[in-house]
There are 2 protein chains.
Amino acid sequence: MNDLTQIVDALRKRGNKVTPQRLTTIEVLLSMGQQHFSVEELFQGVKQRNLDVGMSTIYRTVQILEEMGFITKRNFDDGFARYELCELDEKHWHHHIICLKCGKVIEMQDDFLETLEKEIEEKKEFIIINHELKVYGYCSDCYKIMKGEKFD
Amino acid sequence: MNDLTQIVDALRKRGNKVTPQRLTTIEVLLSMGQQHFSVEELFQGVKQRNLDVGMSTIYRTVQILEEMGFITKRNFDDGFARYELCELDEKHWHHHIICLKCGKVIEMQDDFLETLEKEIEEKKEFIIINHELKVYGYCSDCYKIMKGEKFD
DNA sequence: TTTGATGCAAAAGTTTTGCAAGACC
DNA sequence: GGTCTTGCAAAACTTTTGCATCAAA
């Protein structure tokens, strides 16, 4: 559902033009699937497809796609923004489990926050659009290493 | 419990020195309580106490305090990092409810995520240190305005 | 032909770093 | 006195912007 033609059509409907740079950027982005990609990675991906492109063009494309709701900005505190594809057809949240040592990001599907959302909407008079849960800690690999090193 | 002497002692124990700049920075930080402060705000706060200080000193102090676990970095996508004081004596999480229109941040105390944490620790073999939940949407004020404007 | 897009370079903004001078312990 | 800290300026980084040129529709 979230494929190239859908995005291209939506772009045209918005009055945006579909240029080779934009098309390739979207192709690269779609080929990355659920991953969390940075603007730099998109830039490299487009260049690897033998298309010369400027950083600012990627930034501008990403901005448009975010406004359109096809991608969402995430911040994992590694110095730059990351984006990921949205699931348009259903509200299907996933959460991020982040290792404080190696930076690995594990995804977890879970909709159990729905009860909390209802509570917030009632108690705080708030209309919820989205949410983001990040759990920080140590993955099993790093934890083993740390125990071996008698660290902490 | 989270007071000046505790932090100062911990600094000395770590081999760090307690300079006027550092002391004042910590005082300002403590006077802000639970708020989410930026480095810039700390910088202004220290200067308002008639102490000349350089930005880099604040950045370095904040870095040390984060390493020591007294403060945590938060990112509300407003262009720079924000920090907040940690509750050292107990695991008492709070969550952030963020208005997408006016940027207001509401805090919410809730420990209901404990069940989820246990599940993650078992299923994913992950040692959890911290977590962060951000709920995005529209506060009642902004929602009223939007309805009045027939927006969306 | 009109309007939006591109690409470069420069600007903007936060955060980091090198280094000589100064302060804490 | 030795080591850590400071402060300045400059660098490093990501992201944004201005503008002349170019291309999609």
Side-chain angles (χ1 to χ4, degrees), chain A residues 4-5 7-29 36-47 49-68 71-83 103, chain B residues 4-5 7-28 36-47 49-68 71-83:
Chain A
L4 198 55
T5 44
I7 300 181
V8 166
D9 288 352
L11 272 173
R12 290 222 174 84
K13 227 168 262 172
R14 246 177 65 113
N16 285 109
K17 285 167 182 171
V18 180
T19 63
Q21 290 88 342
R22 214 161 258 180
L23 196 63
T24 310
T25 304
I26 298 169
E27 280 170 5
V28 169
L29 186 160
H36 316 105
F37 48 87
S38 63
V39 174
E40 176 68 30
E41 282 160 4
L42 273 186
F43 178 63
Q44 296 302 337
V46 173
K47 288 219 295 194
R49 300 201 177 192
N50 294 328
L51 181 60
D52 247 7
V53 73
M55 253 321 225
S56 39
T57 302
I58 308 279
Y59 271 104
R60 283 186 272 231
T61 299
V62 157
Q63 231 163 42
I64 290 173
L65 292 173
E66 196 189 5
E67 279 173 25
M68 295 170 72
I71 59 178
T72 312
K73 195 189 275 187
R74 300 277 180 208
N75 196 310
F76 297 124
D77 282 329
D78 51 1
F80 38 80
R82 294 186 166 280
Y83 292 85
Chain B
L4 198 56
T5 44
I7 299 182
V8 166
D9 288 352
L11 272 173
R12 290 223 173 81
K13 227 168 261 171
R14 246 176 65 112
N16 285 109
K17 283 165 184 170
V18 180
T19 64
Q21 290 88 342
R22 217 162 256 180
L23 195 63
T24 310
T25 304
I26 298 169
E27 280 171 5
V28 170
H36 316 104
F37 48 87
S38 63
V39 174
E40 175 69 30
E41 282 160 3
L42 273 185
F43 177 63
Q44 297 301 337
V46 173
K47 289 218 294 192
R49 300 201 177 193
N50 293 328
L51 182 59
D52 247 7
V53 72
M55 257 316 230
S56 40
T57 303
I58 309 279
Y59 270 104
R60 282 185 274 232
T61 300
V62 157
Q63 230 162 44
I64 290 173
L65 292 174
E66 196 189 4
E67 280 173 27
M68 294 169 74
I71 59 177
T72 313
K73 196 189 275 187
R74 300 278 179 206
N75 196 309
F76 297 123
D77 282 329
D78 51 0
F80 38 80
R82 293 186 167 279
Y83 293 85

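Protein chains get the first letters and strands the later ones, always in sequence-line order, with residue 1 at the start of each. Computation of the quantities below employed the complete heavy-atom set of this structure, encompassing side-chain atoms and omitting hydrogens, waters and symmetry-equivalent molecules.
- Distance NZ (A:Lys73) to C1' (D:dT14): 11 Å, rounded to an integer number of Å.
- Where the helix from C:dT1-D:dA25 to C:dA12-D:dT14 starts and where it ends, the local axes point in directions that differ by 40°; five pairs per end, rounded to 10°.
- The side-chain contact (heavy atoms from CB on, under 4.5 Å) check on B:Phe43 picks up B:Glu40, B:Lys47, B:Val53, B:Met55, B:Ile58, with sequence neighbours excluded.
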**OP:** For A:Thr61 and A:Leu29, run side chain to side chain contact (heavy atoms under 4.5 Å, CB included): C-alpha distance rounded to whole Å, both residues' side-chain angles, the deciding distance at 0.1 Å, then the answer.
**Re:** CA-CA 11 Å; A:Thr61 299; A:Leu29 186 160; over 6 Å; no

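- The structure places OG1 of B:Thr25 at 11.0 Å from CD1 of B:Ile7, a figure rounded to the nearest 0.5 Å.
- Remark: B:Arg60 engages no residue in a salt bridge (charged side-chain N to carboxylate O under 4.0 Å, His left out) (not counting sequence neighbours).
- To the nearest 0.5 Å, atoms CZ (A:Arg82) and CG (A:Leu42) are separated by 10.5 Å.
- For A:Asn16, the side-chain contact (heavy atoms from CB on, under 4.5 Å) partners two or more places apart in sequence, or in a different chain, are A:Leu11, A:Arg14, A:Arg22, A:Ile64.
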Original post:
For A:Thr57 and A:Tyr59, what are the C-alpha separation, side-chain angles and deciding distance, and is it a side chain to side chain contact (heavy atoms under 4.5 Å, CB included)?
Top reply: CA-CA 5 Å; A:Thr57 302; A:Tyr59 271 104; over 6 Å; no

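- Computed from coordinates, the B:Leu23 CG to D:dC4 P distance equals 20 Å when rounded to whole Å.
- Taking atom CZ of residue A:Phe43 and atom P of nucleotide D:dT14, one finds them 12 Å apart after rounding to whole Å.
- When the P atom of C:dT15 is taken as reference, atom CZ of A:Phe80 falls 15 Å away, rounded to whole Å.
- Ring pair B:Phe37/B:Tyr83 is parallel by interplanar angle, where below 30° counts as parallel and above 60° as perpendicular.
- Straight-line distance from the CD atom of A:Glu66 to the C1' atom of D:dT16: 15 Å, rounded to whole Å.
- Rounded to whole Å, the distance from CD on B:Gln21 to C1' on D:dC4 is 12 Å.
- Per the geometry, CE belonging to B:Met55 stands 13 Å off P belonging to D:dC8, to the nearest Å.
- Atom CG in B:Asp77 sits roughly 13 Å away from atom C1' in D:dT15 (whole-Å rounding).
- Evaluation of the salt bridge (charged side-chain N to carboxylate O under 4.0 Å, His left out) rule for A:Arg12 yields no partner, not counting sequence neighbours.
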Original post:
With the sugar-phosphate defined as primed atoms, P, OP1 and OP2, and the base as all remaining atoms, what B/S/- string results for nucleotides 17-25 of chain D, 5' to 3', for protein heavy atoms under 4.0 Å?
Top reply: BB----BBS

